[in-house]
Amino acid sequence: MQLLNNKKRGSSGPDFTAWHPNFRNTAELPDTKTVRTKFFVNAAAVVFAAAAILYYCYTEYTLHGLSKEIAGWQQQIDRDAKPSREIVAKYKKFKDEEARATELVKFRASEKLVLSDFIIAIGKSLPDNLVITGITYRDVDVVLRGTVKGAPELASGAASGYEKKLRDTTEIASSFDSISLSTLSRDATSGLMTFEMVFKFKK
């Protein structure tokens, strides 16, 4: 059995390591690793340079587009600047007018009498022989001054009659507590009779 195995083992051929002569001169062969490293370094440098150029071109293109947009916006701003200034000026004028109107409304609300309406009512009720020379509006009353045309002896009756007429005129009397003829005297300069009426406000 052992013999048979030896025969089988021996039948595979001679038992020695195969060899061949090595004629390579290692010192003169190129360093393949060095060549490979330089190649990759150069390739990486080229790729980096190309990427930098592409990035620069993209940045310049973007900046150019932004510059065009900014120029367009500036033209629009310049075009709309004048109407905008006019609107601001009109708005300021409106605010000033609004402030004055508000002040007038507050003043009118605090008034005991609308003086313009009072003057119109006096004008409607005034007889032909009386002339109003002045009106004084105070916190507690309104003083009406005037002259009576015609004969002096008739002046007292004319002034008293007008006083009664004013007390009977609801449009005027409703705003006051009393209406009275306070003075009646002769004006030394003109020779006419002058009068003064006091309209006292309601408390």
Side-chain angles (χ1 to χ4, degrees), residues 59-150 155-156 158-203:
T59 304
E60 287 296 318
Y61 176 77
T62 304
L63 289 176
H64 179 69
L66 289 175
S67 298
K68 289 182 66 177
E69 289 186 15
I70 292 172
W73 294 338
Q74 188 61 48
Q75 289 180 355
Q76 184 175 357
I77 290 171
D78 295 339
R79 184 175 62 250
D80 298 339
K82 183 178 179 181
S84 177
R85 286 193 298 268
E86 292 176 353
I87 292 173
V88 170
K90 289 180 180 179
Y91 178 74
K92 184 178 183 301
K93 184 177 179 182
F94 168 77
K95 294 298 289 183
D96 293 340
E97 294 293 335
E98 182 185 28
R100 281 194 286 268
T102 302
E103 184 178 354
L104 178 60
V105 169
K106 289 181 180 179
F107 175 75
R108 292 290 296 271
S110 64
E111 280 187 313
K112 296 179 180 179
L113 175 71
V114 180
L115 188 58
S116 58
D117 294 343
F118 175 76
I119 293 172
I120 292 173
I122 290 294
K124 290 179 180 178
S125 63
L126 191 67
D128 293 337
N129 59 337
L130 269 69
V131 177
I132 302 300
T133 58
I135 298 176
T136 302
Y137 182 10
R138 301 184 296 197
D139 292 337
V140 295
D141 58 23
V142 177
V143 178
L144 183 68
R145 288 179 297 276
T147 60
V148 182
K149 296 185 292 185
S156 178
S160 298
Y162 185 52
E163 175 193 5
K164 183 178 183 304
K165 182 179 181 179
L166 290 175
R167 286 200 299 265
D168 293 339
T169 303
T170 306
E171 184 181 0
I172 297 175
S174 60
S175 300
F176 302 97
D177 187 40
S178 65
I179 301 173
S180 61
L181 180 63
S182 60
T183 61
L184 180 64
S185 60
R186 182 184 297 274
D187 182 26
T189 304
S190 64
L192 298 174
M193 297 297 292
T194 63
F195 68 89
E196 186 174 284
M197 290 186 187
V198 178
F199 299 74
K200 288 189 176 182
F201 289 118
K202 296 177 179 179
K203 295 182 180 180

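Atom set for the values below is all heavy atoms of this structure, side chains included, hydrogens, waters and symmetry mates excluded. Counting begins at 1 with the first residue of the sequence.
- Once rounded to the nearest 0.5 Å, the distance linking OG of Ser174 with NZ of Lys202 reads 6.5 Å.
- Checked against a 6.0 Å centroid threshold, the rings of Phe118 and Tyr137 do not count as neighbours.
- Under the 3.5 Å distance criterion, the side-chain polar atoms of Arg145 are left unmatched by any main-chain donor or acceptor of Glu196.
- Tested against Ile179 for a side-chain contact (heavy atoms from CB on, under 4.5 Å), the candidates Lys164, Lys200, Arg167 yield a single pass: Arg167.
- Summarising the geometry, atom CD belonging to Glu60 is positioned 5.5 Å from atom CG belonging to Leu63; distances are rounded to the nearest 0.5 Å.
- Between Arg100 and Asp96 no salt bridge is recorded (no basic side-chain N to carboxylate O distance below 4.0 Å).
- The heavy-atom pair separating Ala158 from Val148 by the smallest distance is CB-CG1, 3.9 Å.
- Taken from CD1 in Ile122 to CE in Met197, the straight-line distance is 8.5 Å, to the nearest 0.5 Å.
- Between Asp187 and Thr147, every side-chain heavy-atom pair lies at or beyond the 4.5 Å cut-off.
- Closest approach of Ile172 and Ala121 over heavy atoms only: CG1-CB, 3.7 Å.
- Taking CZ of Phe199 as the reference point, atom OG1 of Thr136 lies at 12.0 Å (rounded to 0.5 Å).
- Under the 4.5 Å side-chain criterion, counting only non-hydrogen atoms from C-beta, Val198 is not in contact with Phe176.
- Here OG of Ser160 is found 10.5 Å from CZ of Phe195. Values are rounded to the nearest 0.5 Å.
- In this structure, Arg85 and Val88 have side chains that are not in contact, with every pair of non-hydrogen atoms separated by 4.5 Å or more.
- Side-chain contact between Lys68 and His64 is present, with heavy atoms from C-beta onward closer than 4.5 Å.
- Look at Glu97 and Lys93 and you find no salt bridge, because none of the NZ, NE, NH1 or NH2 atoms lies under 4.0 Å from a carboxylate O.
- Using modelled atom types, one side-chain atom of Lys165 and one backbone atom of Ser125 make a donor-acceptor pair closer than 3.5 Å.
- What you find for Ser175 and Phe201 is that their closest heavy atoms are O-CD2, 3.9 Å.
- Rounded to the nearest 0.5 Å, atoms OG (Ser182) and CG (Leu144) are 9.5 Å apart.
- Contact detail for Ala159 and Leu184: the closest heavy-atom pair is CB-CD1, 4.2 Å.
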